J.: 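Here's a structure for you.
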There are 2 protein chains.
Amino acid sequence: MPPKIKSPQDREQLRLLILDAARCLFVERGIGSVSMREIAKQIGYSATTLYNYFTDKEALLQALCDADFLALASGMRAIMQIPDPIARIRALCQGYAQFALQHPNHYRFMFMTPKTPTNMEITQIEQGNTEQDAYAQLQQVVQTAFDAGVFREDLQDSELIAQTLWAGVHGVCSLEIALGNEVWMQWADIQARIGLMQEALLRGLLKA
Amino acid sequence: MPPKIKSPQDREQLRLLILDAARCLFVERGIGSVSMREIAKQIGYSATTLYNYFTDKEALLQALCDADFLALASGMRAIMQIPDPIARIRALCQGYAQFALQHPNHYRFMFMTPKTPTNMEITQIEQGNTEQDAYAQLQQVVQTAFDAGVFREDLQDSELIAQTLWAGVHGVCSLEIALGNEVWMQWADIQARIGLMQEALLRGLLKA
DNA sequence: GCATTAACTTAACACCGTTATTTTATTTTG
DNA sequence: CAAAATAAAATAACGGTGTTAAGTTAATGC
């Protein structure tokens, strides 16, 4: 039996140890091999101990992904400094796509897996807070561009515009994650797909 | 014990009975409640009997989805009769999206769930056969439009164009399926999202 | 009617998430 | 310093999963 944890700082350390072990399994062997028992085995504790630190498996996975998504939003904050709104939109889409492709398992868990309605409440990330939520950042910059009058005049809903841009980039990334390795598909280069999606959508949304 | 099956036609009938029971659970209660034991219980057989008809659970689900995807491709064939290639592209995108939203569980299994490379080999659908594969139909009509010179001249890869259109519609549908019920997202109307994705992409891809 | 053969069931294995109970190590108290 | 209290961790168990080996039962061919 491992030495017991009493002090709060040791408790936090074990919490991080659990998350690191889970991340390792999650990233390297996919979501399928992330079982409570296996995480516990990796760090030399019993499975039940994990339940003293996370209410259930989903909360553990959520905590795992939260940290990385805060990192995404943090990287986006640098992009938000770009002065030109349209260049900023381009950079946001690119940054978002690169993140998705570099963290396919996180991405899958967050955006490709239906959750029961309440499950989203356990995340630490404040939705709509531009400091933490990448979509909120996109929405904000689209709103700025919208106010500057760069979009076609028949487009009157900036939320709809932002959601369309998001859906476009998400479509390319999620197809790549789900079906990128299928031999029967002759996929074009992934960067070319991302680039064309971005440019075609912008051409179709911006004033001529 | 149910009466035993000997004749090939009875065998086929039981196969369909299994698939119907599985479809019922799959569509009504989601993929989570589709267990071999539960399917078997529903039709009054033991779980092991299912393994006489399908090699494993994934093969069963694959067979389940194949039938509906053949129906999709079949519906698409009517659309392929539309003379104008661009109107045909629009109708294909619309038909595809409506199918995805009407069969979210099928769609999820087919296009939102990573499969091991070999798993795709168990499908009955001939990929690339325009009679059976909806993507092949899209590719074909995009190629026709490409040959007619309707796309911008900097676009030289019709596969890339088709994949971008697919990814766009897929992005809208898969976000709707995965996150459409989240309370923290103020989604625009789903038909508006599909329509804008389609129109914006076409505007961005077609000659001015 | 009996042997054969195929269909089907039972029992089991090795997992899973989760929880009630029990053990164990530390801390506090007498 | 020893004993009691407490909190942490482990064990055992429940009900579930996909799957398989072995056993049973029903229909078929002779």
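Proteins come first, then strands; the chains are lettered A, B, ... in the order of their sequence lines, and each starts at number 1. Source: prediction; values computed, not measured.
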J.: Atom CG of B:Asp56 to atom P of D:dG18: distance rounded to whole Å?
T.: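 Taking CG of B:Asp56 and P of D:dG18, I get 11 Å after rounding.
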J.: For a quick check of understanding: with a heavy-atom distance under 4.0 Å over all strands, which category does A:Ser46 fall into, base, sugar-phosphate or nothing?
T.: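 Base contact - A:Ser46 has a heavy atom under 4.0 Å of at least one base atom.
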J.: Side chain of B:Arg11, heavy atoms from C-beta onward: which of C:dA7, C:dT18, D:dG18 has the nearest atom to it?
T.: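 For B:Arg11, the side-chain atoms sit closest to C:dA7.
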J.: Atom CG of B:Asn52 and atom P of C:dT5: how far apart are they, to the nearest Å?
T.: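 One finds 18 Å between P of C:dT5 and CG of B:Asn52, rounded.
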J.: Measure the spacing between CD of B:Gln127 and OH of B:Tyr135 and express it to the nearest 0.5 Å.
T.: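 Spacing of CD (B:Gln127) from OH (B:Tyr135) equals 11.0 Å.
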J.: Mind checking whether A:Phe99 and A:His103 have parallel, tilted or perpendicular rings, split at 30° and 60°?
T.: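 Ring orientation of A:Phe99 relative to A:His103: parallel.
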J.: From C:dG17, C:dA11, D:dA9, pick the nucleotide closest to the side chain of B:Thr48?
T.: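 Closest nucleotide to the B:Thr48 side chain: C:dA11.
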J.: Under 4.0 angstrom, heavy atoms only, what part of the nucleic acid is A:Thr49 near: base, sugar-phosphate, or nothing?
T.: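 Sugar-phosphate only.
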J.: So what does A:Tyr53 touch, heavy atoms closer than 4.0 Å: a base, only the sugar-phosphate, or nothing?
T.: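 Sugar-phosphate: the residue A:Tyr53, judged by heavy atoms under 4.0 Å, touches backbone atoms but no base.
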J.: Within the structure provided, determine whether B:Gln156 and B:Phe146 are in side-chain contact (heavy-atom separation under 4.5 Å).
T.: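 Yes; the side chains approach each other to less than 4.5 Å.
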J.: B:Glu38 has a side chain; which of D:dT17, C:dT19, D:dT19 sits nearest to it?
T.: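 Shortest atom-to-atom distance from the side chain points to D:dT17.
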J.: Classify the nucleic acid contact of A:Tyr45 as base, sugar-phosphate or nothing, counting any heavy atom under 4.0 Å across all strands shown.
T.: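 Sugar-phosphate only.
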J.: If you go through the side-chain atoms of A:Arg37, does one of them form a donor-acceptor pair with the base of C:dG17 closer than 3.5 Å?
T.: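 A donor-acceptor contact between them is present.
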J.: Go through the steps for B:Asp133 and B:Gln139 under the test side chain to side chain contact (heavy atoms under 4.5 Å, CB included), then give the verdict.
T.: CA-CA 10 Å; B:Asp133 174 3; B:Gln139 215 291 310; over 6 Å; no
